[in-house]
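Some notes on the structure that comes next.
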2 protein chains.
Amino acid sequence: MDRSSSDADATRSRRATITDVAQLAGVSRSAVSRVFNAQGGISAATEERIRDAARKLHWTPSATAIALRSARSRTVGLVLNRPGVAKDGDPELPSGMFTGLEKVLARHDFGLLLHIATSAEHEEQTYRRLAEARRVDGVVLLESRVGDTRFELVRRLGLPAVLLGTPWVEDPISYIGHGPRGAGMREVAEHLLELGHRSIAAVSGPEDYVESSHRDRILREVLATGGAGLVAHHPGPYTPVTAAERTRAILEQHPEITAIVYATDEMAIAGMATLREHGLRIPEDVSVVGYNGTDIGAWYSPALTTVRRDVSQRGRAAARTLLGLMGVTVEASDEQVVDPELVIRASTAPPRGAATATATATAG
Amino acid sequence: MDRSSSDADATRSRRATITDVAQLAGVSRSAVSRVFNAQGGISAATEERIRDAARKLHWTPSATAIALRSARSRTVGLVLNRPGVAKDGDPELPSGMFTGLEKVLARHDFGLLLHIATSAEHEEQTYRRLAEARRVDGVVLLESRVGDTRFELVRRLGLPAVLLGTPWVEDPISYIGHGPRGAGMREVAEHLLELGHRSIAAVSGPEDYVESSHRDRILREVLATGGAGLVAHHPGPYTPVTAAERTRAILEQHPEITAIVYATDEMAIAGMATLREHGLRIPEDVSVVGYNGTDIGAWYSPALTTVRRDVSQRGRAAARTLLGLMGVTVEASDEQVVDPELVIRASTAPPRGAATATATATAG
DNA sequence: TTGAAAGCGCTACCAC
DNA sequence: GTGGTAGCGCTTTCAA
């Protein structure tokens, strides 16, 4: 092969760099840089020539070079802890949240790096690696846990972080809390009280999840205030299978309950199947409430009463906060924080033979 | 503030670089580099000193610097097209797939960069940006469409890519196909035929999705072979709401149908609600089949017959292929490709008054 | 077995 | 307004 003729090819195939653009435009590299960083101090004519050259060469500044130069990767990390992956369970990704996060990050030209850890150690190691290799400028923390060591960890690593949830103890970390009103559980409790329920069970999330235990606490408190009791409380993983098991346990130990509150819609659906197996009708014999409805419960029969949250909005808020922490000037948002909303459908009704408290309670 | 004393602080707080490690170990930077790249040619004693120094300084090579130096970012991009985001629908992320992808990528120290586009143009622009800014070394393409322009695009951009699906036309792109057997639809069709169904409807995915149309084609062919007909075919988006609407349309125009095949479990659940509204019982009056069961259908009443696929495995396969394309030596996998599996549950049964073909058909 | 030095693509400081 | 140049943290010849 003729070596000299391949030169042209090489030149053509190699990705353009700022030097190529400068050359084509007949200016220095600094000039090109200035144009693309909107620093001014370049005449309109020159700028035009430079932009032309860049366009012709399909040139865009190399993210990598900029990252090295500025010591910022313009990337945010997200580590999901999904032990289930090991046995190939289906670790549902909180998609609404991703959407919200990504939307805001992309607008500021930040990328979202996704990692999935399969154990606590693996998780910690992942954060450590991301930080030490300087692959990310900050991280989003999900699923706040009791005894969570991640806040301390990211602090030690010097990694800006935002928690989507509420820390288990007072902590200087930035967070998007689940709100003071029990993330909608107050409304759930009041709804059940109004219907006349007095013996209620909860099939909730893991005990060491801050939000889950917060939801339980509010539920218990509000029920107590209304003269009712949370007579059975079964925390556990967010899986339908175990929800079915826990439902069975409740029916054996507390046949008197007239309503069950589940931690997710999927769990509620599994629970309803179990209730049916035991010959119980919904809502005539037992009322059922889900959580975080992705509308799937609406199609169930009976349609599932649930709590709906705008997780996408929470994602957006987290992204804005994190960008701020990383020193990016982010537009002030006039976005209202939307409270969780109780969606009353057909799976809740007054218990059998209850004095219908509804009439009096609803007045007002 | 005493300027000279702050020097020590600065030294301490600044992240360590390879130079710091070299200095502490009393060697040159090249020596450090060689140790961490397992290039050999370094005496055991020196290596020990270097590793000690690195440990003491918490030093890990900067991913950014390596990226610049090697012109590879060790990152893979994934662009999801979810127009629904605009109206804040819930664009479900194929979580199993992510898990599979990430698992293999992480093992090779590759990151997964997630982007969500809200339109075809936005999508194309995203790929372009990722490529031109050299943020990724390759991309994973999802949801193969008829008339898909992405293969051509990534080729022009010089971006290694793997498609999770089958290209709409013969194309040199690497792909993890949906398999020759109709992604499980052959089994669905045979199952319905055996039960004795002859008038069947399909509420399927978008017409321009390759996999969806492939599934429909196989369904139609196998049914025809068995002397049955796909009398109604309603493609559309993967949303429960429209599935309900399409179910209504089918009932009006083709009251004779005895089975409906849905594109997803969620759509099937919405469809079943609609069937019930019309006073039809499942499976006595109409049999229903879902797809891609995330087990949620198992808890429905009646439990939903569906097709189960190991999407996580497909994700792993895609990651391996892509890594190969990017020049990473990836361990040969002995992982078997698992065929989609028909999961027969309670939502399918012989049609009313059908000669039970089951006995004869199943024999063998 | 080890070190010196060039250079990856870019920005920012300092000249002119 | 514009150009020259040092240097971000690393790898990789080439020499010793």
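By convention in this document, chain letters (A, B, ...) are assigned in the order of the sequence lines, proteins followed by strands, and residues within each chain are numbered from 1.
Sorted by first and then second residue, the salt bridge (charged side-chain N to carboxylate O under 4.0 Å, His left out) pairs with a member in residues 29-50 of chain B read B/E47-B/R51; sequence neighbours excluded. The salt bridge (charged side-chain N to carboxylate O under 4.0 Å, His left out) analysis of residues 154-164 of chain B, with sequence neighbours excluded, yields the pairs B/E152-B/R155, B/R155-B/D171. Each salt bridge (charged side-chain N to carboxylate O under 4.0 Å, His left out) pair with one or both residues in residues 113-127 of chain B, not counting sequence neighbours, appears once here: B/E123-B/R145, B/E123-B/R150, B/E124-B/R128.
In this structure, the side chain of A/S144 engages the main chain of A/T166 through a donor-acceptor pair within 3.5 Å. When atom types are taken as modelled, the side chain of B/W168 and the backbone of B/D148 share a donor-acceptor pair closer than 3.5 angstrom. Without hydrogens or angle criteria, B/R134 side chain to A/T60 main chain gives a donor-acceptor distance under 3.5 Å. The backbone N or O of A/S33 sits less than 3.5 Å from a side-chain atom of A/N37, completing a donor-acceptor pair. Remark: side-chain polar atoms of B/S73 are paired, donor with acceptor, to backbone N or O of B/R135 under 3.5 angstrom.
Taking a cutoff of 4.0 Å between a charged side-chain nitrogen and a carboxylate oxygen, A/E143 and A/R82 qualify as a salt bridge.
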Please enumerate all protein N or O atoms sitting under 3.5 Å from an N or O of nucleotides 5-9 of chain D, with distances to 0.1 Å.
from: D/dA6; atom 1: N6; to: A/R29; atom 2: NH2; distance (Å): 3.3
from: D/dG7; atom 1: N2; to: A/R69; atom 2: NH1; distance (Å): 3.4

Under 3.5 Å, which protein N or O atoms sit close to an N or O of nucleotides 14-16 of chain D? Give each pair with its distance.
none

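Note on A/S43: only backbone sugar-phosphate atoms sit closer than 4.0 angstrom, heavy atoms only; bases stay farther off. Contacts of A/V27 with the nucleic acid, taken as non-hydrogen atoms under 4.0 Å apart, involve only primed sugar atoms and P, OP1 or OP2.
Across all non-hydrogen atoms, the minimal contact from A/L323 to A/V104 is CD1-CG1, 3.8 Å. Pairing each heavy atom of A/A161 with each of A/V154, the nearest pair is CB-CG2, 3.9 Å.
Rounded to whole Å, the distance from CZ on B/F36 to C1' on D/dT12 is 18 Å. Rounded to whole angstrom, the span from the CD atom of A/Q23 across to the P atom of C/dC10 amounts to 13 Å. The separation between A/E132 atom CD and D/dC10 atom P is 12 Å, rounded to whole Å.
Shown for residues 45-57 of chain B: residues whose heavy atoms fall under 4.0 angstrom of DNA chain C, namely B/T46.
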